[in-house]
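The structure under discussion appears below in the form of structure tokens.
The figures here come from the full heavy-atom set of this structure, side chains too, leaving out hydrogens, waters and symmetry mates.
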Protein chains: 2
Amino acid sequence: MSTLTSLKTQERLLDRQAANSIRQQIVNRTMPPGHRLLEAVLARELEVSRGTIRSALMQLSNEGLVRQVAFTKWEVAPASVEEAWELYTLRSALEGLAASLAAQYASPAERDGLSRVFAELEAAANADQREAAADADFKLHKTIVAMSGHKRLIRDHERIILQVRFQMTHIGFAPRETRDLIDDHRDLTEAVLKGDAARAEQLARTHNSAEVKRLLDANARQPSSGTPGANTKKGD
Amino acid sequence: MSTLTSLKTQERLLDRQAANSIRQQIVNRTMPPGHRLLEAVLARELEVSRGTIRSALMQLSNEGLVRQVAFTKWEVAPASVEEAWELYTLRSALEGLAASLAAQYASPAERDGLSRVFAELEAAANADQREAAADADFKLHKTIVAMSGHKRLIRDHERIILQVRFQMTHIGFAPRETRDLIDDHRDLTEAVLKGDAARAEQLARTHNSAEVKRLLDANARQPSSGTPGANTKKGD
DNA sequence: GATAGAAAGATAGTCGACAATCGTCAATAG
DNA sequence: CTATTGACGATTGTCGACTATCTTTCTATC
């Protein structure tokens with residue numbers, strides 16, 4: 001069975017495999033924001049045809065990691081405070097909804113699972129293992145979203161988180177002190193477990209809003225722009 | 001200039017054109033939920049290659065209008081109360097965020113635009129033109145989302161609305177009485193115009209929540225399932 | 001010297017043919 | 001009669017070659 005189970009996980013479609021490979025290199029920082037992606041080069045390196053690479057790049061484009069200029073080029077998506085702001089605000093709205101639904105509808109088994117994930121976070125944070133704590137942080141939010149039973153929400157959230165991590169690493173926006181993580185997440189976890197939908201939603205939203213504020217504050221003294229909403233509009 | 005302006009709108013890429021054509025047929029009800037899509041047939045009908053059709057179908061799959069079973073088939077996405085429930089809850093979260101951002105950051109010109117769109121809705125509703133009123137309804141929400149200046153939000157919202165309309169037509173979920181539309185939307189519009197972010201968000205959310213409730217109530221007496229969240233889970 | 005236009009090189013877009021996979025149905029064994 | 005196996009047909013997955021478009025570079029002209 002050891003070899004059989006792997007088939008479930010292993011991707012059979014070449015374009016998916018190619019997308020996974022490229023995605024990995026992007027989140028690995030091997031390919032930084034703005035890095036140009038040549039179809040022919042990728043095709044040669046991954047030993048597939050250009051059509052397959054095209055399909056993979058389109059997927060990554062839908063995930064927000066890659067951008068295309070028609071007839072011209074593909075490149076890794078840019079990283080900026082504006083992009084990060086968009087991601088965090090969206091994440092806040094999505095996780096608010098998820099927390100509310102999870103509190104209302106999650107099964108006992110799922111609630112047990114959430115307790116365990118929180119315990120992992122607590123352990124990692126108390127041991128001051130930054131990497132592990134950050135992973136556990138994301139895992140906890142992912143768990144709550146999964147508990148919502150909302151398929152589109154789960155899918156969209158996964159994409160947002162992927163982009164958040166990408167932006168964070170390239171924008172120099174570090175996670176908070178590990179110990180600070182615990183209190184925030186304990187309250188949220190308890191609200192979900194207790195079935196207090198309104199409070200769970202509120203906590204999920206303010207949790208993310210606080211991160212947005214921290215992001216903007218950290219960037220306020222930087223030379224770049226001022227207002228968030230990419231308000232470089234035609235307006236007035 | 002009459003022929004030149006059309007170039008802006010006219011899609012130059014064949015796969016986009018193909019996607020537009022198929023999308024049109026889906027929202028037109030020419031292709032109902034579950035309708036099978038054969039690459040070869042579409043290629044012949046639209047006079048493009050199968051690869052181009054494949055690309056188009058992948059786009060539509062990302063928009064949620066089409067589903068794929070790997071190595072087997074493409075088909076038009078199913079319509080059900082569960083799908084509609086997902087769409088409405090997501091829409092509520094997205095429009096709540098959009099209303100808040102629009103109230104805070106929109107330019108004076110954009111606010112004027114919103115006033116005009118509301119006037120259109122009011123006129124159509126008072127004249128009891130159902131079709132026009134429904135269109136104006138969607139247009140108003142789209143306008144508010146656009147005012148948020150949040151690119152991802154705008155993009156995602158457009159996709160959700162497309163799916164909402166698709167589900168509505170196939171699930172037999174009619175819009176409310178035209179006159180009822182006015183009051184709801186007046187309050188929301190005024191809150192956005194006034195810059196009252198909290199109230200705008202609240203109204204946008206409850207507005208959609210009311211629709212979710214109406215959807216579930218209308219379906220409660222139907223033979224199909226009961227609970228919303230597709231809670232056909234493994235959990236005990 | 002600057003600028004407009006044309007040619008050339010590089011790269012993405014499209015196509016038709018071939019390969020891999022799946023579902024069906026008939027043949028056969030129990 | 002039922003269940004398993006194998007071959008066949010239909011459909012999707014992948015590939016390499018060709019075409020269209022963009023960008024850059026070179027040249028000619030003012």
Set of side-chain hydrogen bond (donor to acceptor under 3.5 Å, both in side chains) partners for A/E120, sequence neighbours left out: A/K139
Value in whole Å for how far the P atom of C/dA12 lies from CZ of A/R67: 17 Å
Sugar-phosphate only, base, or nothing, as touched by B/R16 at under 4.0 Å among non-hydrogen atoms: nothing
Contacts of B/R155 that satisfy salt bridge (charged side-chain N to carboxylate O under 4.0 Å, His left out) - sequence neighbours left out: none
A/R44 CZ to C/dT11 P: how many Å, rounded? 10 Å
Aromatic plane relationship, B/W85 with A/H150 - under 30° parallel, 30 to 60° tilted, over 60° perpendicular: tilted
To the nearest Å, how far apart are B/L42 CG and C/dC15 C1'? 17 Å
Mind checking salt bridge (charged side-chain N to carboxylate O under 4.0 Å, His left out) for A/E158 and listing every partner two or more places apart, or none if nothing turns up? none
Partners meeting side-chain hydrogen bond (donor to acceptor under 3.5 Å, both in side chains) with A/R152 (sequence neighbours left out): B/E83, B/E86, B/Q163
Strictly under 4.0 angstrom, non-hydrogen atoms only: write out the protein contact profile of nucleotides 13-26 of chain D, one letter per nucleotide from the 5' end, B, S or -. BBB-----SS----
Checking all strands, does A/L37 fall into the base, sugar-phosphate, or nothing category for heavy-atom contacts under 4.0 angstrom? sugar-phosphate
Give the table of side-chain donor-acceptor pairs shorter than 3.5 Å for residues 18-25 of chain A, with sequence neighbours excluded, one pair per line with atom names and distance.
from, atom 1, to, atom 2, distance (Å)
A/N20, OD1, A/R23, NH1, 2.7
A/N20, ND2, A/R16, O, 3.4
A/R23, NE, A/E63, OE1, 2.8
A/R23, NH2, A/E63, OE1, 3.3
A/R23, NH2, A/E63, OE2, 2.8

